[in-house]
Every structure is written in C-alpha cells, then in structure tokens.
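Here's the structure we're looking at; comments come further down.
Keep in mind that this is a model prediction, so the values were computed, not measured. In this chain, residues are counted from 1 in sequence order.
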Amino acid sequence: MPSHHHEDFPSLPIVPDPHHLVVDDPAWTYTSACAGGGGIALLRVWRTAGDGRLAIVTENGIAVSITNAAEEISAALAVQHSGHPGPLVVLEHYRAGDGAPHDRLDQVLVVPGHAPRWRPVWPTGPANPRFAINRTWMHEVGNVLLTARAH
C-alpha cells in the first residue's frame, strides 16, 4: 500500500472572484453511512483558477456531522462538479463556538480505498510547516470566503 503524505492534498486554490458563488445552499442535504443517514449543511462553491471548484461545507449541527460524512460529501460534490476539468478542493468549516473559540477550516482529502484525511487550514500554529502559506491564503481569500453569500 503506498504511503500518503500531506503533498497529496491539492494546493489551496486561487479564487478569482470570491464574491461570485456557483452554489450557495444553506440547507444542502447529504447522505451518510453513519446512524442517522445524513445531515444538512451550508454549502458554498466557487470557481477557481484553472476551471476547478472550491467547496466549503459548513457544519450546522443537524444530524450526522460533516466530518463523519466526509467520504459521502466528497463523492457527492465530485459527481455534482464532474463537468469541470480542474481540481475540486473541499474544505470543512466549523463556526466559532462549535467546540472552539474561533472558526476552524480543514481541507479534506478522500482517496478511494483509503480512509479520509484532514489537513488544518486555519488556525494553525507557527510550528506548522504550512503556517505562512495558510495565513497568506486566509488573509487574501479565506476570510472573505467564510462570510460570502450569494446576493
């Protein structure tokens, strides 16, 4: 079995227009193999440079958590956005107050035949080797994305 390293994660994408959402669904439903069968989350999707997509799935505490349904969520998003040649990057978003005093953002990687993996995007400490990259991405794009909604 090949080993998997953090380099397998796609880079955090460039979002040319963070105010233009492709999808803004405050009650997006997903299925899950976990007891409860699924849940509801806020789903927002943007076009990225290279004709990819960035999806931020925000936990809202209804039924199965987005973390426990990571495989099903990633598979559903891959099908929904399969017509685009660029990569699909999926981020899990937990709002402040949901177990932490600040918003939390993690990148999800689901490789068929392997358990899902998560990479912290924000916050991360200065000891994290990606701290400077993630801090810059959050400052330039991420903070806007976390508050963006379609008008």
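- Judged by distance alone, the side chain of T124 and the main-chain N or O of N128 form no donor-acceptor pair under 3.5 Å.
- Here the closest heavy-atom approach between residue A63 and residue G39 is recorded as CB-CA, 3.8 Å.
- For residues 29-45, no pair satisfies salt bridge (charged side-chain N to carboxylate O under 4.0 Å, His left out), with sequence neighbours left out.
- Nearest approach of A49 to P16, heavy atoms of both residues: N-CD, 3.7 Å.
- By the 4.5 Å heavy-atom criterion applied to side chains, I73 and W28 are counted as neighbours.
- The minimum heavy-atom distance between F9 and V108, with the atom names listed, is CE2-C, 4.1 Å.
- Side-chain atoms of S32 come within 3.5 Å of backbone atoms of C34 as a donor-acceptor pair (strictly under, hydrogens ignored).
- Under the side-chain contact (heavy atoms from CB on, under 4.5 Å) criterion, A41 pairs with Y30, V57, I66, sequence neighbours left out.
- Here D106 pairs with R104 under the salt bridge (Lys or Arg N to Asp or Glu O under 4.0 Å) rule; sequence neighbours left out.
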Verify side chain to side chain contact (heavy atoms under 4.5 Å, CB included) between L109 and D8, making sure each step is shown before the conclusion.
CA-CA 8 Å; L109 180 65; D8 297 333; 3.7 Å; yes
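- Side-chain contact between E59 and H93 is absent, with no heavy atoms from C-beta onward closer than 4.5 Å.
- A donor-acceptor pair under 3.5 Å links the side-chain atoms of Q107 to the main chain of P10, judged by distance alone.
- A donor-acceptor pair is defined here as one N or O able to donate and one able to accept, closer than 3.5 Å; no such pair exists between the side chain of D17 and the backbone of T48.
- For I62, the side-chain contact (heavy atoms from CB on, under 4.5 Å) criterion is met by I40, N60, not counting sequence neighbours.
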Full working for side chain to side chain contact (heavy atoms under 4.5 Å, CB included) between V45 and D24
CA-CA 7 Å; V45 180; D24 182 13; over 6 Å; no
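- Under 4.0 Å is where a charged nitrogen must lie from a carboxylate oxygen, and between R95 and D103 no such pair does.
- Residues L42 and L77 do not share a hydrophobic cluster, defined by chaining ILVMFWY side chains whose heavy atoms lie under 4.5 Å apart.
- E140 pairs by the side-chain contact (heavy atoms from CB on, under 4.5 Å) definition with T136, not counting sequence neighbours.
- With sequence neighbours excluded, the residues that form a side-chain contact (heavy atoms from CB on, under 4.5 Å) with T67 are S65, E92, Y94, W118.
- The list of side chain to side chain donor-acceptor pair (under 3.5 Å) pairs with a residue in residues 73-90, not counting sequence neighbours, reads R53-H84.
- The side-chain hydrogen bond (donor to acceptor under 3.5 Å, both in side chains) test applied to H139 returns no partner, not counting sequence neighbours.
- When hydrophobic side chains of Ile, Leu, Val, Met, Phe, Trp and Tyr are connected at separations under 4.5 Å, V89 ends up clustered with L12, V15, L21, W46, L54, I56, L91, L105, V121, W122, F131, W137, M138, V141, L145, L146.
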